[in-house]
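Have a look at the structure below before the remarks.
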Amino acid sequence: MNFPSIVFEDVSGYDFSKHNKKHVTEDFVSENFKELGWNVYRPFNDTGIDLIIIKRCCPRGHEQIDESANNEVCSQCGNDLVHIKRFIQVKTREIKGKSNSSQFFGYTLKSKDFRTDPRHVFLLYSDYTNDFLIIPMYEYLKIFYENKELGKSHFGTPSFRKGNNKLNSLRKHPNGQWVWKSRNNARGISFDKFVNKNGLKLMSNPDYDINVQKYAEQISEMKLHLFYTYSHGRQFNKELEKEINNYLSNKVKDNIESISSIRSETRKKLRKELSSELIDSIENGYLVKFEGVSFYD
Amino acid sequence: MKVYHFMTSRDLKSISYAFIVNDINIYLPDNEDECFIAEKLLCTECNSPWHTSLLECYFCGELNYYLYLCTVCGKKYSITNSNVKCSCGDSNSKLIKACVNEKCPTNTNAIIKNLAKEEKGVFDLNSTLNLSLTYCVKCGSTTNHYATFKIFVLNGRFNESFDLYLSNHPVFEGDVILFKNEIDGKIMYDYSIYDPKMNFEPSFKYNKIKQITDELFFHKKR
């Protein structure tokens, strides 16, 4: 089994340029999943998710990853099959550097991309390598949670919150191996378990569907830790970092307990302070798109 | 005999927009399936919508209320009027998109306050002091999940061809069958969450898709 396979035999990824490339990658990814028996759904409106893919499989993971189960029960263990669903966010970037030395894949992720549903999957793809890096949310955060310095430089910096933290540490060696490299970790962290068939197998774990809530809580814990460890980045100094981290150390726990009442108190004050015209203007002009957010709640 | 049929391309678009207008995301099949997916990101605790484009303060979690605050007197103004100056008339006055929570460290801690001021407020377009929603707008939970339904749409009067339709389409337990019909010149709807052990006869009691999305996603019963 080749995965990904060259599903568009009449054209190469090298042939496209920015102006005529739109939708090609999503189509390429989609066709590859369809070939392995997944049902693929594409967004009708802009949602932040590029594909939803669905497949039936054994809850104990007995099916082969390149097969679609057609029976009602698993042929190996007799368990009823379950539907597994993945929400794929595709990041396509040109890989930079010469192929005879280390090449890097630069990409950006924003705070809004980090949802806690374990079925959310990042798929990094460069048509110059024909490799899919398939990284479930839980696995992605786990790497940076377990490697504190990497986590700090990815999630703690001002540029991450600003939404322009271009990550250039993911490298492909001439021998084909993918590694996350950084100044503090010269050997780097292997990303090979996410590449092509390995990533497909990891992503297909039905446990993400069966125990959504359990994983969501673990993802949330890692996410909060990573988001609220402040790093001064290039713009600010160490003293400021210390001051902010002193404050943030108790913040997460406190917020979970009190955020609703803090917000409710603020709304109460704003209702008293602002004119009804201003409140109506904000409600109708800005808050209207956020159902459940209102001065009157 | 009138037979149920799947939507034409225009019908499908029409139904899709009826979901989208209610802030439900729609995904269309990239194969022969005659169905679509309706999706909404929700809080796992209270089922409220989770708005990823809503910003909250990095320090205190307060939401963005789209206001300018005067750095001297704290008076608040609409951000739609960008030329406005504060009525306090202080020469040091600047209007910034500050956090409206008075107890937030961006308003109480001298060092953090200064940082926020330099960034023209927590909610300025280029500020590094906000995050996408992290705590649910209703209950403060930090976990969310995708609620989804696979929806098959049947257009026409109910008759015995429904069973034939089911035998020819990949409808599974938990999928939604949405019935659409014109009754006395009005388009009416009904739906069933498919259960192979149950019989369902549509009574077309809904006149808006919103009534259905409210029940499906937010468990709001009419």
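Computed from heavy atoms alone, side chains included, the values below leave out hydrogens, waters and symmetry copies. Order of the sequence lines fixes the chain letters, A, B, ..., with proteins taken first and strands second; residue numbering starts at 1 for each chain. The structure displayed is predicted, hence computed values, not measured ones.
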Checklist line | Distance-minimising heavy-atom pair for B:I24 and A:N45 | finding: O-ND2, 4.4 Å
Margin query: Quick check: closest heavy atoms across B:L115 and A:Y230, and the distance to 0.1 Å?
Written below: CD2-OH, 4.4 Å
Check: Centroid-to-centroid, B:F19 to A:F44, below 6.0 Å?
Finding: no
Margin query: As an exercise: rank B:L63, B:N64, B:D23 by heavy-atom pairs under 4.5 Å with chain A and give me the winner.
Written below: B:L63
Note to self: Counting heavy-atom pairs under 4.5 Å with chain A, which one of B:S48, B:C60, B:P170 comes out on top?
What the structure shows: B:C60
Note to self: Looking at A:K214, I want to see if its NZ is surrounded by more than 12 non-hydrogen atoms of other residues, nucleotides or ligands under 6.0 Å.
What the structure shows: yes
Checklist line | Note: A:K269-B:E102 ion pair, threshold 4.0 Å (strictly below) | finding: yes
Margin query: Around atom NZ of A:K112, are there more than 12 heavy atoms from other residues, nucleotides or ligands closer than 6.0 Å?
Written below: no
Next item on the list: Any chance you could measure A:I262, atom CD1, to B:C104, atom SG, to the nearest 0.5 Å?
Entry: 9.5 Å
Check: If only atom types and distance count, is the side chain of B:N25 paired as donor or acceptor with the main-chain N or O of A:D46 below 3.5 Å?
Finding: no
Next item on the list: May I ask you to check whether B:S132 and A:S111 show a side-chain donor-acceptor distance below 3.5 Å?
Entry: no
Next item on the list: With the side chain counted from C-beta on, respond yes when A:L274 and B:L67 share a heavy-atom pair under 4.5 Å apart, and no when they do not.
Entry: yes
Margin query: If I measure from the heavy atoms of chain B, does A:D27 come under 4.5 Å with its side chain, its backbone, both, or neither?
Written below: side chain
Check: Is chain A contacted by the side chain of B:E173, its backbone, both, or neither, given a heavy-atom distance below 4.5 Å?
Finding: neither
Check: Among side-chain atoms of B:D30 and A:S30, is any donor-acceptor pair under 3.5 angstrom?
Finding: yes
Check: Are A:R263 and B:E56 ion-paired here, with the side-chain N under 4.0 Å from a carboxylate O?
Finding: yes
Check: With respect to chain B, which residue among A:K223, A:K110, A:R267 yields the maximal number of heavy-atom pairs within a distance under 4.5 Å?
Finding: A:R267
Checklist line | Minimum-distance pair of heavy atoms, taken over all atoms of A:L248 and B:F59 | finding: CD2-CD2, 4.5 Å
Check: Nearest 0.5 Å, what's the CG-CZ distance between B:L28 and A:R42?
Finding: 10.0 Å
Checklist line | Contacting region of B:C57 [heavy-atom separation from chain A under 4.5 Å] | finding: backbone
Check: With a 4.5 Å limit on heavy-atom distance, are the side chains of A:F87 and B:T148 in contact?
Finding: yes
Note to self: Under a 3.5 Å threshold, yes or no: a donor from one side chain and an acceptor from the other, between B:N144 and A:D117?
What the structure shows: no
Next item on the list: Please say which of A:K85, A:H120, A:R119 ends up in a side-chain hydrogen bond (donor to acceptor under 3.5 Å, both in side chains) with B:Y146.
Entry: A:H120
Note to self: Donor-acceptor check, side chain of B:H145 to backbone of A:V212, threshold 3.5 angstrom: yes or no?
What the structure shows: no
Check: Which region of A:V293, side chain (C-beta onward) or backbone (N, CA, C, O), has a non-hydrogen atom less than 4.5 Å from a non-hydrogen atom of chain B, or is it both or neither?
Finding: side chain
Item checked: Max heavy-atom pair count under 4.5 Å with chain B, selected residue of A:L270, A:I52, A:T116 -> A:T116
Item checked: Separation between NE2 of B:H51 and CD of A:E291, rounded to the nearest 0.5 Å -> 6.5 Å
Check: A:S220 and side-chain hydrogen bond (donor to acceptor under 3.5 Å, both in side chains): which partner among B:T143, B:T44, B:T134, B:T142?
Finding: B:T142
Note to self: Need one label for A:F227: side chain, backbone, both or neither, based on atoms under 4.5 Å from any heavy atom in chain B.
What the structure shows: both
Check: When you look at CD of A:E221, are more than 12 heavy atoms from neighbouring residues, nucleotides or ligands closer to it than 6.0 Å?
Finding: no
Margin query: To the closest 0.5 Å, what do you measure between NZ (A:K162) and CG (B:N130)?
Written below: 11.5 Å
Item checked: Close aromatic pair by centroid cut-off 6.0 Å: B:Y27 and A:Y41 -> no
Margin query: Determine whether the aromatic ring centres of residues A:Y286 and B:Y65 are separated by less than 6.0 angstrom.
Written below: no
Margin query: Heavy-atom cut-off 4.5 Å, strictly under: side chain, backbone, both or neither for A:Q213 against chain B?
Written below: side chain
Next item on the list: Flag the pair B:K103 / A:E265 as yes when at least one side-chain heavy-atom distance between them is below 4.5 Å, and no otherwise.
Entry: no
Note to self: Heavy-atom pairs under 4.5 Å with chain A - which of B:N109, B:I20, B:L55 has more of them than the others?
What the structure shows: B:I20
Next item on the list: For the residue pair B:Y135 and A:Y228, categorise the inter-ring angle as parallel (less than 30°), tilted (30 to 60°) or perpendicular (more than 60°).
Entry: parallel
Checklist line | Contact class of B:S141 relative to chain A, heavy atoms under 4.5 angstrom | finding: neither
Check: Do B:L133 and A:F290 touch side chain to side chain, with heavy atoms closer than 4.5 Å?
Finding: no
Notebook entry, point to check: Relative to chain B, which segment of A:I219 carries a heavy atom at a distance below 4.5 Å: side chain, backbone, both, or neither?
Noted result: neither
Item checked: Under 4.5 Å from a heavy atom of chain A, the part of B:F172 involved -> side chain
Check: Relative to chain A, which of B:P105, B:S16, B:G140, B:S127 shows the most heavy atom pairs under 4.5 Å?
Finding: B:P105
Checklist line | Under 4.5 Å from a heavy atom of chain B, the part of A:E273 involved | finding: side chain
Next item on the list: Could you tell me which of A:D113, A:T157, A:V40 has the largest number of non-hydrogen atom pairs under 4.5 Å with chain B?
Entry: A:V40
Item checked: Atom pair CG (B:L131) and CZ (A:F114), whose distance is rounded to the nearest 0.5 Å -> 11.5 Å
Note to self: Looking at chain A, which one of B:L41, B:V100, B:I112 has the largest number of heavy-atom pairs inside 4.5 Å, strictly under?
What the structure shows: B:V100
Next item on the list: Would you check if A:I54 and B:I37 make a side-chain contact, meaning some heavy-atom pair closer than 4.5 Å?
Entry: yes
Next item on the list: Verify the neighbour count for atom CG of B:N199: are there more than 12 heavy atoms of other residues, nucleotides or ligands below 6.0 Å?
Entry: no
Next item on the list: Provide the closest heavy-atom pair for B:V137 versus A:G292 in the form atom of the first, atom of the second, distance.
Entry: CG2-O, 4.3 Å
